[in-house]
Amino acid sequence: MNHYQKNILFVFNYFLRNSYDLMFTDLIAEKPKKYLNYIYIEGKEYVRQLMDKNSGVILLSGHFGPLFRTLLFKEIFGISVSSFAAPETIKALKNPSETINKMFASAPLYAVGEEEQFQEALLRKEWISFLNDVPVKKRGDDKYILFGKNIYLSELPFKISLKYNIPIMFIGITMIKHQYHVSILPMDNFHTQKEGLKKYIAMVERMLRCDPYAGNYIEVKHF
């Protein structure tokens, strides 16, 4: 198989997997007790430690889907996770009809780009999902490397974490032998926002080496 054929096969498998991921999220929303059996969660102890501390928390990952994380944290830990969404998405969810959207809209939704709201919500001790896969404006000091390619991700979560002593949890979602493996891991021991983002990128790289089809952890716009 030549390089071109391998690329075609990868794209086909990627979209096939992405369709499966979306379908699985809908199934969890309708019958959580049944389909949560297909998920292995690593790091429950870290979540429970933060629950005991009664602090705001940043849940950092890519676009596997805030819907998936919202369902997972609600069903497993009883935590309502706030999220950021585009203004048109927030408007569409004001009167949700589908079960999954009702659950998503039950927690606070903030408009993308509202840094002040982000900070205030964390200080109110909310758990907030932050998707760090969409390219930020390309500036020289934003450039990082993943698999030999330049990527441009936001340092904002690490900036706020350091400023207000807010914990960050990395969420990685891979599939191993037809079972979803959710890793919820603490991100600590970073002293600058750049150092924190580099550690996040290293965790993403390790995850993608295990499962190259893991849903949209880095948007293709980067490449």
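All values reported here derive from a predicted model rather than from experimental measurement. These values consider heavy atoms only, across backbone and side chains, with no hydrogens, waters or symmetry-generated copies.
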When you compare the side chain of [Y] with that of [X], does any pair of heavy atoms fall below 4.5 Å?
| X | Y | result |
| --- | --- | --- |
| Phe73 | Ile171 | yes |
| Phe77 | Leu72 | no |
| Leu122 | Ile160 | yes |
| Ile184 | Ile41 | yes |
| Met51 | Ile79 | yes |
| Leu59 | Phe130 | no |
| Ile201 | Ile151 | yes |
| Lys194 | Glu155 | yes |

Q) Which residue pairs pass the salt bridge (Lys or Arg N to Asp or Glu O under 4.0 Å) test with at least one member in residues 44-62, sequence neighbours excluded? A) none
Q. Between Phe170 and Tyr200, does a ring pair (Phe, Tyr, Trp, His ring centres under 6.0 Å) hold up when you go through it step by step?
A. CA-CA 7 Å; Phe170 170 83; Tyr200 168 74; 5.8 Å; yes
Q: Run the numbers on Arg209 and Phe147 for side-chain contact (heavy atoms from CB on, under 4.5 Å), then give the verdict.
A: CA-CA 10 Å; Arg209 288 188 185 280; Phe147 296 125; 3.7 Å; yes
Q | Check: Ser154 main-chain N/O paired with Asn132 side-chain donor or acceptor under 3.5 Å | A |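 Side chain of Asn132 to backbone of Ser154, a donor-acceptor pair under 3.5 Å: yes, one is there.
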Q) Does Lys34 offer a backbone N or O that forms a donor-acceptor pair with the side chain of Asn37 under 3.5 Å? A) yes
Minimum heavy-atom separation for [X] to [Y], with atom names?
| X | Y | result |
| --- | --- | --- |
| Leu162 | Gln193 | CD1-N, 3.5 Å |
| Leu36 | Glu75 | CD1-CB, 3.7 Å |
| Thr174 | Asp211 | CA-OD2, 3.4 Å |
| Ser55 | Pro167 | OG-CD, 3.5 Å |
| Ser183 | Glu42 | OG-OE1, 2.8 Å |
| Ile166 | Ser161 | O-OG, 2.6 Å |

Q.
For Glu120, give me all partners under side chain to side chain contact (heavy atoms under 4.5 Å, CB included), at least two apart in sequence or on another chain.
A.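 By the side chain to side chain contact (heavy atoms under 4.5 Å, CB included) rule, Glu120 matches Glu116, Arg124.
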Q.
ring pair (Phe, Tyr, Trp, His ring centres under 6.0 Å) for Phe190 and Phe158? Distances and angles first, verdict last.
A. CA-CA 9 Å; Phe190 59 90; Phe158 306 98; 5.5 Å; yes
(Q) Taking the ring centre of each residue, are Tyr180 and Tyr38 less than 6.0 Å apart? (A)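 No, they do not, as the ring centres are separated by 6.0 Å or more.
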**Q.** Stepwise side-chain contact (heavy atoms from CB on, under 4.5 Å) test for Asn189 and Lys199
**A.** CA-CA 10 Å; Asn189 299 321; Lys199 288 191 173 186; 3.7 Å; yes
Q. Does CG belonging to Asn2 count more than 12 external heavy atoms closer than 6.0 Å?
A.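 Count over threshold, so yes.
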Q. Should we say atom NZ of Lys198 is surrounded by more than 12 heavy atoms from elsewhere, each under 6.0 Å from it?
A.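 No, because the 6.0 Å sphere around NZ of Lys198 holds 12 heavy atoms or fewer from other groups.
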Q) Listed by chain and number, what are the ring-ring contact (aromatic ring centres under 6.0 Å, His included) partners of Tyr46, not counting sequence neighbours? A)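 Here no residue qualifies.
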**Q.** Given Leu197, Ile168, Ile58, the one that forms side-chain contact (heavy atoms from CB on, under 4.5 Å) with Met187
**A.**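 Among Leu197, Ile168, Ile58, the one that satisfies the side-chain contact (heavy atoms from CB on, under 4.5 Å) with Met187 is Ile168.
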Q | Under 3.5 Å side-chain donor-acceptor pair for Lys74 and Ser80 | A |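 Note: Lys74 and Ser80 side chains meet the donor-acceptor criterion.
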Q: Show the numbers, then the answer: is there a side-chain contact (heavy atoms from CB on, under 4.5 Å) between Tyr144 and Asn150?
A: CA-CA 6 Å; Tyr144 294 87; Asn150 293 336; over 6 Å; no
